[in-house]
Amino acid sequence: MSLALIDCNNFYASCEQLFQPRLIGRPVVVLSNNDGCVVARSAEAKALGIPMAAPWHTLTSLARRHGIVALSSNYALYGDLSARVMKVLAGFSPAQEVYSIDECFLDLAGAQPSPGACGRRIRDEVRRLVGISMGVGLGPTKTLAKFANHCAKKRPEFAGVCALGELSPTAIDALLAWAPVSEVWGVGGRLTARLQTLGIHTALDLKRAAPGRIRKTFSVTLERTVRELNGEVCLGFAAGPATRKQILSSRSFGQLITEFAPLEEAVTAYATRAAEKLRRQGLVAGSVGAFVQTNPFRADLPQYHAARHCPLEPTADTRLLAQAALRLLRNLYRPGFAYQKAGVILTNLLPEEKRQPGLFEDGAALTGSQALMAAMDQINRAYGRGTVKLGAEGNDPRWAMRAERRTPRYTTNLEELAVAKAG
DNA sequence: TCTGGGGTCCTAGGACCC
DNA sequence: TCTGGGGTCCTAGGACCC
């Protein structure tokens, strides 16, 4: 087994630089929704010491001093470039597991002349065809492939491609001893702190820990990590898209909200978005959840967060899902709080064709609902999201998020197309 | 003034049953 | 006076990932 973990360098920042070459060589950060936190940094921004997830408002003076370019997220652009990258990668192996917008696993067992050589060709090809640079890590398990990818990016001697199969066991252990345990996939902040109290500081320490003891002290998840570090495959490879278990749509508001009416609009909009995602994946939902919360960073304001779920006849109809979500919202809402965020969660998902008809179901109404939803989706795809929507969503909402620094959707929005200027 | 959104898996504990 | 125990299912919450 030779698994490759391939992931794009500074993906969102690289996408922006690809379409605005004047940004190349400059410190660029991409911000989360509402222009809240840093979610991607160019190499130059990393060199300035800007940490991942830093709140943007804490960086303004640093930004002024160094001319940092901050951009709102442009997911339409990143999604489109991601699809191009994934398509090129799929050409190198029939077994591809897309793990996130900017990374995937490829099974390169049997690649000629060797998995490592194939990894180097992949890196060159994606750069040539799409213009994005990436790191490639190869190993016998997902956890080791992830680790190799980390080495590929952080250790210049690998030039972006690290194949553990080309190294001696001693050399591999030396790399594991160099990496802090927090760099291991599946070990976050909490676990790092607890592991350190047990004298486990490096990836090598974790590899050498007794799996049984780890299971007893922590969990079966971390035991698997230990076994994977030792080359034992515990995490399966899933080619093809996984079926979702939940679909969530939520947003922080552009400003705090105290009244019920705008909350109602927001929840209607989130239910609409969730229902669109649901239909795009050919699923129906058997349960709807809604939640609201105040801003946890505002110690000066009273705090409240609450969530509620309710079962329903499995459906993908925006109207029914929004109705149910609004019923939940009426139960959740308490006057006197400044709400910062709300969301809608769809669970108990199942493929549309496996839906059991209800005992008293009206077949004609169902057909009508499906036709209406299909028409809505088609219109909104052709003329833009929100062209046809429920009245309860409202117009020009006060709760809408901020995105003041977004670049044009060069590749997906006709109005914002990238046009080469003559002369 | 301003702190993301969307997922997964595991575990503990309560409800319920026999 | 004396008041079981084991299994299953569900949910909330915690941890992680990008």
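First the proteins, then the strands, lettered A, B, ... as listed; each starts at 1.
- Each of A:Lys245 and A:Cys37 was matched to the nucleotide of DNA chain B holding its nearest heavy atom; the match closer to the 5' end belongs to A:Cys37.
- Between B:dG4, B:dC2, C:dA15, one nucleotide has an atom nearer to the side chain of A:Val39 than all others, and that is B:dG4.
- Neither OP1 nor OP2 of C:dA15 sits under 4.0 Å from any side-chain N or O of A:Arg194.
- Comparing atom distances between the A:Ser219 side chain and each of C:dC18, B:dT11, B:dG4 picks out B:dT11 as nearest.
- A donor atom on one side chain and an acceptor atom on the other are not found under 3.5 Å apart for A:Thr294 and A:Gln340.
- Residue-level contact check: A:Asp7 touches neither bases nor backbone, having no heavy atom under 4.0 Å from any strand.
- A:Leu31 comes within 4.0 angstrom of no nucleic acid atom, judged by non-hydrogen atoms across all strands.
- Of the side-chain N and O atoms in A:Arg273, none sit less than 4.0 angstrom from OP1 or OP2 of B:dG5.
- Using a 4.0 Å heavy-atom distance criterion, A:Glu103 is classed as a sugar-phosphate-only contact.
- B:dC9 and C:dG14 make up a base pair, with Watson-Crick or G-U wobble contacts both under 3.5 Å.
- The shortest distance between the side-chain N/O atoms of A:Arg298 and the OP1/OP2 oxygens of B:dC2 is below 4.0 Å.
- In terms of position on DNA chain B, the residue among A:Pro55 and A:Gln281 whose nearest nucleotide sits closer to the 5' end is A:Pro55.
- Spacing of C1' atoms, B:dG4 relative to C:dC17, comes out at 14 Å, to the nearest Å.
- Few gaps surround CZ on A:Arg155; more than 12 heavy atoms of other groups in view lie less than 6.0 Å from it.
- Looking at heavy-atom distances under 4.0 Å, A:Ile101 makes no contact with the nucleic acid at all.
- Residues A:Phe260 and A:Trp399 keep their aromatic ring centres 6.0 Å or farther apart.
- Among A:Ser133, A:Ser42, A:Ser14, the single residue meeting the side-chain hydrogen bond (donor to acceptor under 3.5 Å, both in side chains) criterion with A:Asn9 is A:Ser133.
- Phosphate proximity of B:dG5 to A:Lys341: present, with a side-chain N or O under 4.0 Å from OP1 or OP2.
- Within the nucleic acid shown, A:Ser73 has no heavy atom closer than 4.0 Å to any nucleic acid atom.
- Dashed line: the shortest gap from a side-chain N or O of A:Ser252 to OP1 or OP2 of B:dG5 is under 4.0 Å.
- Listed pair A:Ser250 / B:dG6 meets the phosphate criterion, a side-chain N or O lying under 4.0 Å from OP1 or OP2.
- For the pairing with A:Phe218, the side chain to side chain contact (heavy atoms under 4.5 Å, CB included) check across A:Val187, A:Val226, A:Leu198 returns one residue only, A:Leu198.
- Residue A:Trp56 is out of contact with every strand shown, counting any heavy-atom pair closer than 4.0 Å.
- At C:dC17, none of the side-chain N or O atoms of A:Lys142 fall inside 4.0 Å of OP1 or OP2 (strictly under the cut-off).
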